[in-house]
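Report on the following structure.
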Amino acid sequence: MIQISNTVTIPEYEIEMSAVRSQGAGGQNVNKVATAIHLRFDIIASSLPESYKERLLKLSDGRITKDGVIVIKAQEHRTQEQNREEALQRLQELIKSAIALPKPRKKSKPTRSSQRKRLDSKTKRSQIKTLRGKVTDE
């Protein structure tokens, strides 16, 4: 069971994990040991609440496929168990980030002094630019 919030958990059987060979340099074990973990989690077929599913599917994250499957590859660590923990933690963070509601924006007005300063700087700048014009002899 992966704990997402106080009320929401994901059962282990909904997460598909497979061990694959890691990329990059690895020395003697590179062609023998499958230490990287490929995690797949189907959002649509999961037991997550509908609100969670909608928010996850709306995310524009490269780890979510068009079919609504989260694919995470963990290969930072040298052991399969550490990579498995890393992949599960990344899945948990991704779901938590999707369900976090953004703080509503409060409308604010600029202060009178800031408006005055802005207009003063604009008039000063326009005066500088008009002085750059062609000089006429009279």
Side-chain angles (χ1 to χ4, degrees):
M1 289 279 209
I2 297 174
Q3 191 77 27
I4 303 299
S5 67
N6 292 339
T7 56
V8 179
T9 57
I10 300 174
E12 294 279 334
Y13 65 85
E14 289 185 1
I15 301 166
E16 181 187 321
M17 283 193 262
S18 57
V20 293
R21 291 188 183 141
S22 291
Q23 293 175 321
Q28 295 172 337
N29 282 338
V30 72
N31 293 326
K32 292 184 262 180
V33 183
T35 55
I37 295 292
H38 229 105
L39 181 142
R40 296 177 65 81
F41 177 70
D42 192 353
I43 298 168
I44 299 161
S46 69
S47 63
L48 287 173
E50 288 301 317
S51 59
Y52 283 48
K53 290 180 185 181
E54 287 172 16
R55 292 189 69 105
L56 274 169
L57 292 171
K58 283 182 186 175
L59 278 181
S60 59
D61 195 306
R63 297 173 287 187
I64 302 174
T65 64
K66 292 175 188 172
D67 304 327
V69 177
I70 298 173
V71 178
I72 296 174
K73 185 174 183 183
Q75 60 181 10
E76 271 184 40
H77 303 285
R78 292 175 66 119
T79 65
Q80 199 178 93
E81 191 54 42
Q82 286 177 318
N83 283 329
R84 185 176 313 240
E85 292 298 319
E86 175 81 19
L88 290 172
Q89 190 173 1
R90 282 196 223 161
L91 174 68
Q92 189 177 20
E93 287 171 8
L94 177 67
I95 295 171
K96 281 183 178 180
S97 70
I99 61 169
L101 293 171
K103 200 166 102 178
R105 184 187 181 281
K106 293 179 185 173
K107 287 185 180 179
S108 62
K109 277 188 175 179
T111 60
R112 273 206 188 127
S113 64
S114 69
Q115 286 178 334
R116 197 177 314 113
K117 281 180 191 174
R118 184 179 64 84
L119 293 174
D120 289 345
S121 70
K122 283 168 74 81
T123 53
K124 201 180 286 185
R125 190 79 189 143
S126 70
Q127 287 172 352
I128 291 170
K129 287 192 173 193
T130 52
L131 291 173
R132 288 187 195 154
K134 289 184 181 177
V135 179
T136 56
D137 292 329
E138 288 185 41

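Contact check for Leu59 versus Leu94: side-chain heavy atoms found under the 4.5 Å cut-off. Counting only heavy atoms from C-beta outward, the side chains of Tyr52 and Ser5 approach each other to under 4.5 Å. In this structure, the side chains of Lys129 and Arg132 come closer than 4.5 Å at one or more pairs of heavy atoms. Inter-residue side-chain proximity for Glu14 and Phe41 is flagged as met; some heavy-atom pair is nearer than 4.5 Å. Between Ile10 and Met1 the shortest side-chain heavy-atom distance does not fall below 4.5 Å. Residues Val69 and Ile43 fail the side-chain proximity criterion, which asks for heavy atoms closer than 4.5 Å. The side-chain heavy atoms of Ile4 and Ile99, taken from C-beta on, include a pair separated by under 4.5 Å. Side-chain atoms of Ile72 and Met17, non-hydrogen and from C-beta on, never get closer than 4.5 Å to each other.
Checked for salt-bridge contact, Glu93 and Arg90 miss the test: no charged N lies under 4.0 Å from a carboxylate O.
Taken to the nearest 0.5 Å, the OG1 atom of Thr9 stands 9.5 Å off from the CD1 atom of Ile2. With rounding to the nearest 0.5 Å, the separation of CG in Leu131 from OG in Ser126 is 9.5 Å. We find the CG-CG distance between Leu56 and Asp61 to be 9.5 Å, quoted to the nearest 0.5 Å. The line from NZ of Lys109 to CD of Gln115 is 8.5 Å long, rounded to the nearest 0.5 Å. Rounded to the nearest 0.5 angstrom, Leu39 CG and Gln89 CD are separated by 12.5 Å. For the atom pair Gln3 CD and Lys96 NZ, the distance stands at 8.0 Å (nearest 0.5 Å).
Listed here is the closest heavy atom pair of Thr111 and Ser114: O-OG, 2.8 Å. The two atoms that bring Ala100 and Arg55 nearest to each other are O-NH2, 3.5 Å, heavy atoms only. Pairing each heavy atom of Val71 with each of Arg40, the nearest pair is CG2-NH1, 3.5 Å.
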List the steps, then state whether side-chain contact (heavy atoms from CB on, under 4.5 Å) holds for Ile37 with His77.
CA-CA 10 Å; Ile37 295 292; His77 303 285; over 6 Å; no
Carefully, step by step, assess Lys73 and Gln75 under the rule side-chain contact (heavy atoms from CB on, under 4.5 Å).
CA-CA 6 Å; Lys73 185 174 183 183; Gln75 60 181 10; 3.4 Å; yes
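Hydrophobic clustering, with ILVMFWY side chains joined whenever heavy atoms are under 4.5 angstrom apart, groups Leu48 together with Leu57.
A side-chain N or O of Thr79 and one of Gln82 form a donor-acceptor pair less than 3.5 Å apart.
Annotation: Arg84, atom CZ; neighbour count of heavy atoms from other residues, nucleotides and ligands within 6.0 Å is above 12.
Looking only at distances, a side-chain donor or acceptor of Lys53 sits under 3.5 Å from a matching main-chain atom of Ile44. The backbone N or O of Ala34 sits less than 3.5 Å from a side-chain atom of Gln80, completing a donor-acceptor pair.
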